[in-house]
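Report on the following structure.
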Amino acid sequence: MSKRKILVTSALPYANGSIHLGHLVEYIQTDIWVRFQKMRGHTVYYVCADDTHGTPIMLRAEKEGITPEALIARVHSEHLGDFNGFHIQFDNYYSTHSAETRHFSEDIYAKLKTAGLITVRSIEQLYDPVKNMFLPDRFVKGECPKCSAKDQYGDSCEVCGAAYTPTELKNPYSAVSGAKPISKFSEHYFFNLSDSRCVDFLRHWACEGDHLQPEAANKMREWVGEAGENKLSDWDISRDAPYFGFEIPDVPGKYFYVWLDAPVGYMGSFKNLCEREKIQFDEFWQPQSDAELYHFIGKDILYFHALFWPAMLQNAKYRTPTKIFAHGFLTVNGEKMSKSRGTFITAESYLRQGLNPEWLRYYYAAKLNSTLEDIDLNLEDFVARVNSDLVGKFINIASRCAGFISKRFAGRLVDGAQYHVLQKMVNEHFATWRPAVIEQAFEAREFSAAIRQIMKFADEANEMIHELAPWEIAKNPDRTDDLQRTCSLGIQLFYLLSRYLKPILPGTVQQIEAFLNCAPLTWPQLNDDQTVSDLLLPAGHIINIYQHLMTRIDSKQIEALTAANTQSLAPVTQNTPVRHAEKQQHAIVPIAETISIDDFSKIDLRIAKIVNAEHVPGAEKLLKLTLDIGSEQRMVFAGIKSAYDPEQLKGRLTVMVANLAPRQMKFGLSEGMVLAAGGGNSGELFILSPDTGAQPGMRVK
RNA sequence: GGCGAAUUAGCUCAGUGGUUAGAGCAGCGGAAUCAUAAUCCGUUGGUCCGGGGUUCAAAUCCCUGAUUCGCCA
């Protein structure tokens, strides 16, 4: 097989928070794939970095009273410690706040500018005169210009679904200070993604090429549109000071938007590695490069990696990625990770609780495939699966055979004629143990399929040992050859399984290498004219005394882990990975501006009994409620379908706004509003209930 | 609101038009006692989300409803 040159990246974690089990899906997936390729003898470099720029970093450093540089240095060492703990083996783990990343950001920008793909436009943006900063869309709230719903974000209305710009909001206010924003113009720099050079390229590259998974390519077709359609907008790549990032050359006070330099960080990190290890950078990044470039990412950042990034590279005369591998999100026990449930588990806490990182690597591998599907970490299943597969099936093979070899044969596996008998047995009974199927599964990132296959082999090994029953043979002093051969067979099978599992269990296999007294395991490779027995340890090989290689998980350890991660504070469910400024800011819901008691008393709140609740055909969010408020009945459409089943609402008491102007909705007239907590990005909703004794119609003050 | 994906045994998942729908785990019954209780044999268990359609044949294709998740920069 010819030797490949491969550069692999994982997405850059934001230097604003800890690594958690959700992040680790990606790093473990990438690391397994990289280790597999390295074991096969290819030249592989795996680089990553902290993503260090943007408003949240700036604000957090400000809050901690330190410089952004000090903050990102601290987080960098935390992240690196976490990754080492999970055996994620980067060839370089760097930072986007680096000379190299600055160089390539400026270089790409300059080339795009020369190509006429950068436009400057004056943008009218809302500005917080108290905080002295421009307000991102989600930092402005006000009334929807279409339906007048109150407290809507600056980009879209959650009530009627209208999309608009913040300047169209009625009665806007700053979500930072509460001040009334003023409109201010500012010059912004745009990358002309709508230019035909980008659109035509992307339609070919992202939609038709073999660079994306089928589901992702579908998404691209939706985003890019058909030929003739012009669906892509230019991309705003600048931000006004104050901002932590790279200042745009010759444009004082303007900075590159963090998402411009984040992917450039891949190049920066690799360049840094090249300098250190004398690798030819251009061999990997020049347009005609024969090296392969793969980006492992979460599906949430597909847009940036499959559109902006290739378009930037193409037009700046660099090579484009060979493939983008997007994966799904992690859920824990079938739900989003939650701090209140203790399932928002940080990498650091997992390790600190003494849990074995190899367990998680194995479990993720057993769940991962090449699609964008989410994967679920079911904690009970995690315990059962690791204990059963890894300890019960795999490790046990070594454990049950090694004793005889040590005690009766001084650690020596069979040789001579007996070795030939062993080879023959292997080729007869284990002819299916050839690497091809597993190798294809690893290459295609179908790790769950690889594991199914490997565990099937492990089952076969245990069955064979059971059938040969070395403990019976041992009773017969005339059968020492049989005993040695049988136990050697078990050890040989264990050796081969270890080779297959090494990309997934690098730490355990390192111990296995010591136990088996052999060189670092390589990937089993067979030509057509070779047989499985060619993959075994040599005749007469001597192994060391077996020491336990892996313990079982005690479910108490899992309980301790979730307990350690449970925050009794506000039951905030964590969103899917938040990467940057805008997203980061969604979660913050500041206290609204002060009102007088007169303002409040205008609202007539009444206890209402839900006498009927039903689904509304065609409505995704609404339930139709019939409310009894003593004097009359009201029909109300409430956007609580996501949180409540109609049946569980019937008969309940709640609180409604009784003097709200009726509103005509698509499905009928809504005569009021029920009160519910939540409704933010978490999607959680809790309708209010009065204490026992309240009667329909009572006023709430 | 628009678009997309998913829903298969108690749990986690295979299975993209062709026997009677499978595996691992859990459960149940048995065997074994080499192994830090790890193994082996047998076995219970399914309205393939609901409804309709296409077909000689549907978990699989189409329509529709429910639920869940995601994207709409």
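Treat the numbers as computed from the prediction; the structure is a model and nothing was measured. Lettering of chains follows the sequences in order, A, B, ..., and the numbering in each one begins at 1.
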Completion exercise
Checking B/A73, B/A14, B/G70 against the side chain of A/F329 (C-beta onward), the nearest is B/G70
Handout entry: Same-atom distance (C1') from B/C11 to B/C62, integer angstrom
Key = 33 Å
Practice task
May I ask you to say whether A/D459 pairs ionically with A/K393, meaning some side-chain N is under 4.0 Å from a carboxylate O?
Solution key: yes
Problem - Integer angstrom distance from the C1' of B/C28 to that of B/U20 - result: 23 Å
Completion exercise
Applying side chain to side chain contact (heavy atoms under 4.5 Å, CB included) to A/A436 and not counting sequence neighbours gives A/Q440
Handout entry: Within residues 376-405 of chain A or reaching into it, pairs that qualify as ring pair (Phe, Tyr, Trp, His ring centres under 6.0 Å) - sequence neighbours excluded
Key = A/Y363-A/F382, A/F394-A/F494
Handout entry: salt bridge (Lys or Arg N to Asp or Glu O under 4.0 Å) against A/R385, all qualifying residues, sequence neighbours excluded
Key = A/D389
Exercise for the section: Identify, with sequence neighbours excluded, every residue that meets side chain to side chain contact (heavy atoms under 4.5 Å, CB included) alongside A/D236. Expected result: A/H188, A/F190, A/S238, A/R239
Exercise for the section: Identify, between A/Q547 and A/S233, the residue whose nearest nucleotide on RNA chain B lies closer to the 5' end. Expected result: A/Q547
Practice task
Would you mind pulling out the nucleotide paired to B/U7, Watson-Crick or G-U wobble, both distances under 3.5 Å?
Solution key: B/A66
Problem - Residue A/R400, side-chain heavy atoms: nucleotide from B/C34, B/A14, B/C71 that is nearest - result: B/C34
Completion exercise
Mate of B/C48 across any strand shown (Watson-Crick or G-U wobble, both atom pairs under 3.5 Å) is none
Exercise for the section: Tell me what A/L232 touches on the nucleic acid: a base, only sugar-phosphate, or nothing, going by heavy atoms under 4.0 Å. Expected result: base
Exercise for the section: Name all residues meeting the side chain to side chain contact (heavy atoms under 4.5 Å, CB included) criterion together with A/A441; count only those two or more places apart in sequence or in a different chain, and write none if there are none. Expected result: A/E446, A/A449, A/A450
Completion exercise
Residues of residues 401-414 of chain A with a heavy atom under 4.0 Å from any atom of RNA chain B, listed by number, are A/F404
Completion exercise
salt bridge (Lys or Arg N to Asp or Glu O under 4.0 Å) filter on A/K556, not counting sequence neighbours, yields none
Completion exercise
Ranking B/A35, B/U12, B/A73 by distance to the side chain of A/D376, first place goes to B/U12
Problem - Inter-nucleotide C1' distance (B/U12, B/G46), Å rounded - result: 16 Å
Practice task
Considering only atom P, compute the distance from B/G15 to B/A23 and round it to an integer number of Å.
Solution key: 15 Å
Problem - Contact nearer the 5' end of RNA chain B, comparing A/N396 with A/D374 - result: A/N396
Completion exercise
By ring pair (Phe, Tyr, Trp, His ring centres under 6.0 Å), A/Y109 pairs with (sequence neighbours left out) A/F256
Handout entry: Ring centers of A/F325, A/H295 separated by less than 6.0 Å
Key = no
Practice task
Kindly state each residue pair satisfying salt bridge (charged side-chain N to carboxylate O under 4.0 Å, His left out) with at least one member in residues 480-492 of chain A, sequence neighbours excluded.
Solution key: A/R479-A/D482, A/D482-A/R485
Fill in the blank from the handout: Note: contacts of residues 457-468 of chain A with RNA chain B (heavy atom, under 4.0 Å) are A/D459, A/N462, A/E463, A/H466
Problem - A/M673, CE atom: more than 12 neighbouring heavy atoms under 6.0 Å - result: no
Completion exercise
Sorted by number, residues from residues 360-368 of chain A placing a heavy atom under 4.0 Å from RNA chain B are A/K367
Practice task
Just call it for A/W235: base, sugar-phosphate, or nothing, with non-hydrogen atoms closer than 4.0 Å on any strand.
Solution key: nothing
Practice task
For this output row, return yes or no: ring centroids of A/W223 and A/Y303 closer than 6.0 angstrom.
Solution key: yes
Practice task
Name all residues meeting the side chain to side chain contact (heavy atoms under 4.5 Å, CB included) criterion together with A/Q511; count only those two or more places apart in sequence or in a different chain, and write none if there are none.
Solution key: A/L549
Fill in the blank from the handout: Using Watson-Crick geometry (N1-N3 plus N6-O4 or O6-N4) or G-U wobble (N1-O2, O6-N3), each under 3.5 Å, B/A23 is paired with B/U12
Exercise for the section: Report which part of the nucleic acid A/T371 touches: base, sugar-phosphate, or nothing (heavy-atom distance under 4.0 Å, all strands). Expected result: nothing
Practice task
Write down the distance separating the C1' atoms in B/C49 and B/A66, rounded off to the nearest Å.
Solution key: 8 Å
Exercise for the section: Report which part of the nucleic acid A/N369 touches: base, sugar-phosphate, or nothing (heavy-atom distance under 4.0 Å, all strands). Expected result: sugar-phosphate
Handout entry: Between B/A58 and B/G18 - C1' atom distance, rounded Å
Key = 10 Å
